[in-house]
Amino acid sequence: MNVVESSAQRQLDEAQALLERLQHPAERAAASFRRVELLNDLGRRNEALAGCTRLLDEFAAMPEAGVVVPCCQALRLLAHMLRQMHRPADALATLDRLIAAHGQRAEPGIREHIAHALYQRTWWIDEPAARCEACDVMSELLDSQPDAALDAWRVEARLLKAEIEHHRGLPQDALATLDAAIERFDGSTDPGVVLRVARARLASVLNLRELAQHAQAQVMCLAVADQIEAGLADAAPELRIEGVRALTLFFDGFGIDEHANRAELVGWLLERYGRDASAQVRRMAVRRAYDWSVGLREQDDGEAALAACERLLATFGADTDAGVQRTVAGALLNKGFVLLERLGRAEEALAVYEQLAKQLQGALTPELQDTLAKATAGRQACLKRLRKADAAGNLPELPSELRDEVRDKVRQGRKHGDAGESNEAIALFDEVLAAHAASPHPELRRQCARALVHKAFCLVALERFAEVVVAADAMDARYGADPSTEMQETVALCLQYKSTALDRLGLHDDGMRVHDQIVARWGNSELPDLRGRVVGALFRKGATLRQTGQLKAAVDCYDEAIARTTGAREGSLQLWAAKSMINKAKALDKLGDPVGQAKAYRALIARFGDSGDAALRLDAPLPTLGLGQPFAGIGDALAQRAALEAALGRFGTALSAEQRARLMRELQALKARAFGRKAKEAFDRVVRRKA
């Protein structure tokens, strides 16, 4: 018996001894409930169930408030235990018994238990329409008592109903529910109600955007942010969290090209919440600032990305919270990358990487060890770049007019390519390559490499696959030995296009050899983009193996891709992991391994089901329509039903109306079969008794 169990057993003995001495009903009822609670904590569920029954038999008929409160506690605990024993109907019946017996009592202690029971039963009802009706019942019962102390629960009931309507794909109904709650409770000064009204407004934002009412959604975000700002000094941490969420949602409502507005908003966020007393608030604020700096880096806006990093570090650099410091380490890593790869300032980047490596010496968590490895790799890249710059020091300076002309042509060609104007893009890239491919100047080599990789992309779009292979081979021959990080990333991307072209030409074995080449050359890299190319190569090789019937080899590829992304924070790496898990499950299905398939789906939902990343939330629902199949294959109907319910709750809005309807039909069929089994069991018992 461990220390915790020993303490619980001692308390149980004390409660039993106390119960034997007490005479007053209220004291005996409280001691009886404490004894039941301890039995449940010790895992002695059957004794706890029997104790609940004895408590209720002895005290349920007594009207005194001091007796009724322990009875309410016992009924709620009994319902919880029945739910854990997979007896949902009995659990709901127990909550209904509690509400029927004491739902009209006015005492605050009893009312709180009634509100909890009402809220709990709505979650335990499976069918969404019935759950909405349960929310209405909760609202009606709470509204029948005028006590303002119940207002927070009244808003909670409406928030829950709106959430269910949102997941059912009914944003207009959800919006009406939220509007009614906001209108009724907006003037409250109770902190719990103010918090829930703010949440109702932010829930309205999501529904307004789903209805394409983006201007109204932005106004709603500002309404929440401004209201919290007005009383920020006195606002509870939970409310300040909603303030950060409001600004984050407002940020997401801007177009991708509205850089000035986004930058101003991030500055506003840092000024308001960057030194907040709540660590959770600061974690949310620093994460948004970090995402903004990474977004600027990925858009090739090096100066703006550097400024965003500097502002983040000025605000959070001295923060002592571990969660904030993890993001600060990521920001330093991002700053080093921007200085080296976007701005070509290798000496400054080297100082950043060395500072970060020094800070992280002795890091224990896998995430910080990963960051340390990346900082070390970045430091080596800086040293290589500096040595190369020394060797090229005798080259004549590149005229600024020529530099700008070449950059503009490559940039314009990329815009044509992104717009689907591939032939126009290729013409510009060919101009750059014809004029400067032989130049030894680092900047011209960099622009020619960019032109060549973007040309390969356009050739893929035009389905000129043989030319893609030629372009990729030229890229590797010219720049494959260049040690700079950007060149290596560009070569890896071009080889990825080559593997795609070979696959489309039907040369699957050649394509897989290119995947192997990518893994062999960059498999030990700690740089995010190169790690992404390696994991992507493993995923694509697995997909080719699966399509050609080599299922076991495909599963091995997916497992390696998943293993290489363990602990990765980058969205691109996590997306490859999610896709690998999905395809692994499909391969296991073809292999006739439903247990393995079920395990793969569980791992997928456990790892990515609650992700806020938009791309992941679009990808993770992909297996939900077939999610019940592996559990059905192993005869686990309860797990099958639970998995489908979890998938519908998490991903309902990411599915089409037809897909949601299909998922609901499968759930209804499961419930009908479960009811049929219960009816047959009851009939068999009657037959046996009569026999």
Side-chain angles (χ1 to χ4, degrees), residues 119 151-153 155-156 159-160 163 182 185-186 188-206 218 220-253 262-295 308-334 359-360 363-365 367-368 371 569 610-613:
Y119 189 77
D151 280 353
W153 284 107
V155 186
E156 200 69 62
L159 279 171
L160 179 56
E163 183 180 354
I182 294 167
F185 298 102
D186 195 21
S188 175
T189 57
D190 179 86
V193 178
V194 171
L195 172 65
R196 287 164 176 80
V197 169
R199 289 175 178 167
R201 283 198 166 96
L202 295 183
S204 297
V205 170
L206 301 178
Q218 291 295 80
M220 189 72 78
C221 289
L222 277 185
V224 175
D226 288 343
Q227 185 177 18
I228 294 172
E229 168 71 6
L232 190 62
D234 301 319
E238 295 83 4
L239 188 59
R240 300 200 301 274
I241 287 171
E242 300 307 315
V244 178
R245 286 187 60 225
L247 292 178
T248 299
L249 286 170
F250 190 63
F251 178 96
D252 293 339
R262 287 186 161 201
E264 183 180 1
L265 186 61
V266 171
W268 192 13
L269 176 67
L270 295 183
E271 287 172 9
R272 288 182 172 191
Y273 300 106
R275 291 180 172 82
D276 195 275
S278 165
Q280 186 176 356
V281 170
R282 299 198 307 278
R283 288 178 186 183
M284 293 176 68
V286 72
R287 189 70 210 181
R288 169 51 66 183
Y290 173 79
D291 290 343
W292 168 235
S293 67
V294 171
C309 287
E310 296 285 14
R311 183 158 195 176
L312 183 157
L313 294 168
T315 305
F316 298 103
D319 200 298
T320 57
D321 177 73
V324 174
Q325 280 302 303
R326 283 195 295 271
T327 305
V328 167
L332 281 167
L333 198 66
N334 186 40
Q359 288 178 4
L360 297 179
L364 298 177
T365 66
E367 186 176 330
L368 289 179
T371 304
R569 295 179 67 185
D610 294 321
S611 173
D613 186 281

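Just so it is clear, the model here is predicted, and its values are computed rather than measured.
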### Heavy-atom closest contact (A279 atom, V324 atom, distance)
O-CG2, 4.5 Å

### Query
Hey, what do you get for CE (M284) to CG (D276), rounding to the nearest 0.5 Å?
11.0 Å

### Distance in Å, L249 CG paired with S204 OG, rounded so as to fall on 0.5 Å steps
11.5 Å

### Task
May I ask you to check whether D151 and S188 show a side-chain donor-acceptor distance below 3.5 Å?
no

### Message
To check you understand the geometry: which heavy-atom pair defines the closest contact between A200 and L159, and what is its length?
### Response
CA-CD2, 3.5 Å

### Task
Answer yes or no: is there a side-chain heavy-atom contact under 4.5 Å between R201 and D186?
yes

### Atom CD of E310 with >12 non-hydrogen neighbours under 6.0 angstrom
yes

### Full working for side chain to side chain contact (heavy atoms under 4.5 Å, CB included) between F250 and V205
CA-CA 9 Å; F250 190 63; V205 170; over 6 Å; no

#### Entry: Heavy-atom closest contact (W292 atom, A308 atom, distance)
CD1-CB, 4.0 Å

### Summary
Test salt bridge (Lys or Arg N to Asp or Glu O under 4.0 Å), reference D319, set R283, R326, R282, output is R282

### Query
For the residue pair L269 and A285, what are the closest heavy atoms and their distance?
CD2-O, 4.0 Å

#### Entry: From T248 atom OG1 to F251 atom CZ, the distance as rounded to the nearest 0.5 Å
8.5 Å

### Task
Calculate, to the nearest 0.5 Å, the distance between atoms CG and CD belonging to L368 and Q325 respectively.
9.5 Å

### Task
Return the minimal non-hydrogen interatomic distance between F316 and V286, and the atom names on each side.
CD1-CG2, 3.5 Å

### Query
Distance from Y273 atom OH to T315 atom OG1, nearest 0.5 Å?
15.0 Å

### Message
One pair to check against side chain to side chain contact (heavy atoms under 4.5 Å, CB included): I228 and E242. What are the steps and the verdict?
### Response
CA-CA 8 Å; I228 294 172; E242 300 307 315; 4.2 Å; yes

#### Entry: Candidate pair V194 and T189, rule side chain to side chain contact (heavy atoms under 4.5 Å, CB included), full reasoning
CA-CA 7 Å; V194 171; T189 57; 5.7 Å; no

### Query
Is a side-chain N or O of R199 found less than 3.5 angstrom from the main chain of L195, in a donor-acceptor match?
no

### Nearest atoms (heavy-atom pairs only) where L332 meets Q359
CD1-OE1, 3.6 Å

### Q280, CD atom: more than 12 neighbouring heavy atoms under 6.0 Å
no

### Query
For A235, does its backbone N or O pair with a side-chain atom of R240 as donor and acceptor, under 3.5 Å?
yes

### Message
To the closest 0.5 Å, what do you measure between OG1 (T327) and CG (N334)?
### Response
12.0 Å

### Query
Where do D252 and R245 land on the salt bridge (charged side-chain N to carboxylate O under 4.0 Å, His left out) test, with the steps shown first?
CA-CA 10 Å; D252 293 339; R245 286 187 60 225; over 6 Å; no

### Query
For R272 and L247, what are the C-alpha separation, side-chain angles and deciding distance, and is it a side chain to side chain contact (heavy atoms under 4.5 Å, CB included)?
CA-CA 10 Å; R272 288 182 172 191; L247 292 178; 4.2 Å; yes

